[in-house]
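Only heavy atoms go into these numbers, but all of them, side chains included; no hydrogens, no water, no symmetry mates. These numbers come from a predicted model, not from an experiment.
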Amino acid sequence: MSFPLLTATAVLPAIGAIATAAVPAAQRTAAKWLALLVSLTTLALAITVLVRFDPDGDRYQLTESHAWIKDFGVRYELGVDGIAVALIALTAVLIPFIILAGWHDADPLETGSRRWRPTQGFFALILAVEAMVILSFEATDVFLFYIFFEAMLIPMYFLIGGFGDRAHAHGEEAASTQRSYAAVKFLLYNLVGGLIMLAAVIGLYVVAGNFSLQEIAEARANGSLDMATNTERWLFLGFFFAFAVKAPLWPLHTWLPNAMGEATAPVAVLITAVVDKVGTFAMLRFCLQLFPEASKWATPVILVLALISIIYGALLAVGQRDIKRLVAYASISHFGFIIMGIFAMTSQGQSGATLYMVNHGISTAALMLVAGFLISRRGSRLIADYGGVQKVAPVLAGTFLIGGLATLSLPGLAPFVSEFLVLVGTFTRYPVIGIIATFGIVLAALYTLVLYQRTMTGPVKPEVAAMPDLRVRELVVVAPLVVLLIFLGVYPKPVTDIVNPAVKQTMSDVQKKDPQPEVEAAK
């Protein structure tokens, strides 16, 4: 039997999480280095998956299949297509930077005090989330996917509620209350979505007789499984609701600003750059593949919701006074672009949406992590508490600017290509939606440049006059992300070559072809 590469890629961080949690309490530094080593080894395995994947080969590759719960037809089935490979690589790349950026985030609050936080637990939880996210990208059994789709909520709950941001204007007691509220809200929203999805998963089993994504999709394609129209639509809505909560899509988005605002900056990156991508990925893998007719039926409404997310998120970002909540609302706007690209039902839109998932992860990580370094120095998340930072910490200000320019999709940086593809793909089929969505770009420029102006330019405020510039560890975190933003901005071909064949197969699932341009006949 060949080496189970996909299992190893997911199981290694899970084992690493257990080992990190077991490190003695006095050996906090050892726990950090162990977590970092595990994340780097996982990255090496993810690169191996990337190298062994053949974009022109079978749809699902490196497959593994074993009986699990025979009485209910549940199997341990794994397989990756180009979209999954790209997102596994994104996850494995970001986790080491998240660990490095959060190196001191779980250190004891006060030396010699009973108020302490288990450092080992913080890094163990990050590795546990990585394991569950990777398994979610790999699972081709619907029930197996559902388990890890829901299980990742548990470590995320503790990361938000137990290891929240220390920069709070009203003291530690108020901060603890806000963290608990944000964690509970995150958990309840996602649990409700998950319970609705569970009902749809059971309904799918009743109709199809098994949970295998590939078998159900093949049966649908060859006509041996014919779902009633209403049945398919209800099942689609059950799946889509859960994914829209995770994504998040307006009006199911309200948990995200609270969670990102109260979490530490690395955990905020884990939420929006890693965990939330499972929602948009699942729309492509499960909604479109299992319920093609219902996906087309729901497309007009979903596009309107995505458009509202784009404009609404951007408008609220403009009015934010909190740096982290601004980034959170900007992410809601960006997820609107991703979902719009998916349901535009064009190859350009879906390729752009997949590329956007990758590029948004990198750009948000760059901006949020630098913002976290800034906040840790000043001890405040409020934009008004900053001014003139570029004069005392020019490297910090420069990297903050690059992250911001990537967020507004400046040409030459990675998100521009993906946003352009999404807009082109949408405009060719839904021109009105595409035109209105472009206003989101204008608003992105407004909230990004205003943020930079108010924090980095102008007179130096006394509170930031002695602010140190980026340290070596922080540069190690930020510099590779900036390099990736520039590289994928000028040369996105390595990613598009991997995802485009998978996108073509998804388009075939929904029986959609790209609209042909209307060319006026030559006279």
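At a cut-off of 3.5 Å, with distance as the only test, a side-chain donor of Gln390 or Tyr452 sits close to an acceptor on the other residue.
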(request) Apply side-chain contact (heavy atoms from CB on, under 4.5 Å) to Leu446 and Val442, showing your working. (result) CA-CA 6 Å; Leu446 180 60; Val442 178; 6.0 Å; no

(message) For Phe122 and Val267: C-alpha separation, side-chain torsions, deciding distance, then whether side-chain contact (heavy atoms from CB on, under 4.5 Å) applies.
(response) CA-CA 10 Å; Phe122 178 75; Val267 173; 3.8 Å; yes

(request) Using the side-chain contact (heavy atoms from CB on, under 4.5 Å) rule, take Leu284 and Met357 through it: C-alpha gap first, then chi angles, then the decisive distance, then the call. (result) CA-CA 12 Å; Leu284 280 165; Met357 292 186 222; 3.7 Å; yes

(request) Begin with the C-alpha distance, continue with both residues' side-chain angles, and end with the deciding distance and a verdict on salt bridge (charged side-chain N to carboxylate O under 4.0 Å, His left out) for Arg381 and Glu262. (result) CA-CA 10 Å; Arg381 306 190 323 235; Glu262 300 305 324; 3.4 Å; yes

(message) What verdict does the side-chain hydrogen bond (donor to acceptor under 3.5 Å, both in side chains) test give for Thr407 and Tyr447, after you've listed the backbone C-alpha separation in whole Å, the side-chain angles of each residue and the deciding distance to 0.1 Å?
(response) CA-CA 10 Å; Thr407 298; Tyr447 62 68; over 6 Å; no

(request) Please lay out, stage by stage, how Leu187 and Trp255 fare under the test side-chain contact (heavy atoms from CB on, under 4.5 Å). (result) CA-CA 9 Å; Leu187 188 63; Trp255 63 268; over 6 Å; no

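Screening Ile134, Val269, Leu94, Leu90 against Val274 for a side-chain contact (heavy atoms from CB on, under 4.5 Å) leaves a single residue, Leu94. Among Tyr430, Phe240, Phe243, Phe337, the one residue that satisfies the ring pair (Phe, Tyr, Trp, His ring centres under 6.0 Å) test with Phe343 is Phe240.
Side-chain N or O atoms of Ser351 include none that pairs as donor or acceptor with a backbone N or O of Gln348 at under 3.5 Å. Formation of a donor-acceptor pair under 3.5 Å by the Glu130 side chain with backbone atoms of Ile126 is not found in this model. In terms of modelled atom types and a separation under 3.5 Å, the side chain of Arg325 and the main chain of Gly261 share no donor-acceptor contact. For the pair Lys324 (side chain) and Ile375 (backbone), a donor-acceptor distance under 3.5 Å is absent. A donor-acceptor contact shorter than 3.5 Å links the side chain of Thr48 to the backbone of Ala44. Looking at Thr280, its side chain does come within 3.5 Å of a backbone N or O of Lys277 through a donor-acceptor pair. Thr9 places no side-chain N or O within 3.5 Å of a backbone atom of Ala46 that could act as its donor or acceptor partner. Checked by atom type and distance alone, the side chain of Ser333 never pairs as donor or acceptor with a backbone atom of Tyr329 at under 3.5 Å. The closest donor-acceptor contact from the side chain of Ser309 to the backbone of Gly336 lies at 3.5 Å or more, if one exists at all. Not a single donor-acceptor pair under 3.5 Å links the side chain of Arg377 to the backbone N or O of Val464.
Note that the CD1 atom of Ile362 and the CG atom of Leu484 stand 5.0 Å from one another [nearest 0.5 Å]. Separation of atoms CE (Met340) and OG1 (Thr426) is listed at 3.5 Å; rounding is to 0.5 Å. In this structure, Ile88 CD1 and Leu43 CG are separated by 12.5 Å, a value rounded to the nearest 0.5 Å. Rounding to the nearest 0.5 Å gives a distance of 11.0 Å between CG of Leu451 and CD of Gln320. Here Trp103 contributes atom CH2 and Leu36 contributes atom CG; the two are 5.5 Å apart, rounded to the nearest 0.5 Å. Here CD1 of Ile498 is found 10.5 Å from NZ of Lys493. Values are rounded to the nearest 0.5 Å.
The shortest side-chain heavy-atom distance between Val129 and Ile95 does not fall under the 4.5 Å cut-off. By the 4.5 Å heavy-atom criterion applied to side chains, Phe439 and Ile311 are counted as neighbours. Under the 4.5 Å side-chain criterion, counting only non-hydrogen atoms from C-beta, Phe241 is in contact with Leu252. By the 4.5 Å heavy-atom criterion applied to side chains, Lys32 and His104 are counted as neighbours. Using a 4.5 Å heavy-atom cutoff, the side chains of Leu87 and Val358 are in contact. Counting heavy atoms from C-beta outward, Thr399 and Leu475 have side chains that stay 4.5 Å or more apart. Leu396 has its side chain within reach of Val389: a pair of non-hydrogen atoms, C-beta onward, lies under 4.5 Å apart. Residues Leu488 and Leu485 have side chains not in contact (no heavy-atom distance under 4.5 Å, counting atoms from C-beta outward).
Residue Ser136 comes nearest to Val278 through the heavy atom pair CB-CG1, 4.1 Å, listed as atom of the first residue, atom of the second, then distance. Of all non-hydrogen atoms in Tyr356 and Ser409, the two that sit nearest each other are OH-OG, 4.2 Å. Across every non-hydrogen atom of Val422 and Gly349, the tightest pair is CG2-O, 3.9 Å. Residue Ala128 comes nearest to Ala17 through the heavy atom pair N-CB, 3.8 Å, listed as atom of the first residue, atom of the second, then distance. Across all their heavy atoms, Met260 and Val327 have their closest contact at CE-CG1, 4.3 Å. When every heavy atom of Pro248 is checked against every heavy atom of Ile332, the shortest pair comes out as CG-CG1, 4.4 Å.
The ring pair (Phe, Tyr, Trp, His ring centres under 6.0 Å) test applied to Phe335 returns His360, not counting sequence neighbours. Remark: Phe373 engages no residue in a ring pair (Phe, Tyr, Trp, His ring centres under 6.0 Å) (not counting sequence neighbours).
No more than 12 heavy atoms of other residues, nucleotides or ligands sit less than 6.0 Å from atom CZ of Arg321. The environment of Arg378 atom CZ is dense: over 12 non-hydrogen atoms of other residues, nucleotides or ligands sit within 6.0 angstrom. More than 12 heavy atoms of other residues, nucleotides or ligands lie within 6.0 Å of CZ in Phe53, so this atom counts as buried by the packing criterion.
The ring of Tyr386 has its center no closer than 6.0 angstrom to the ring center of Phe400.
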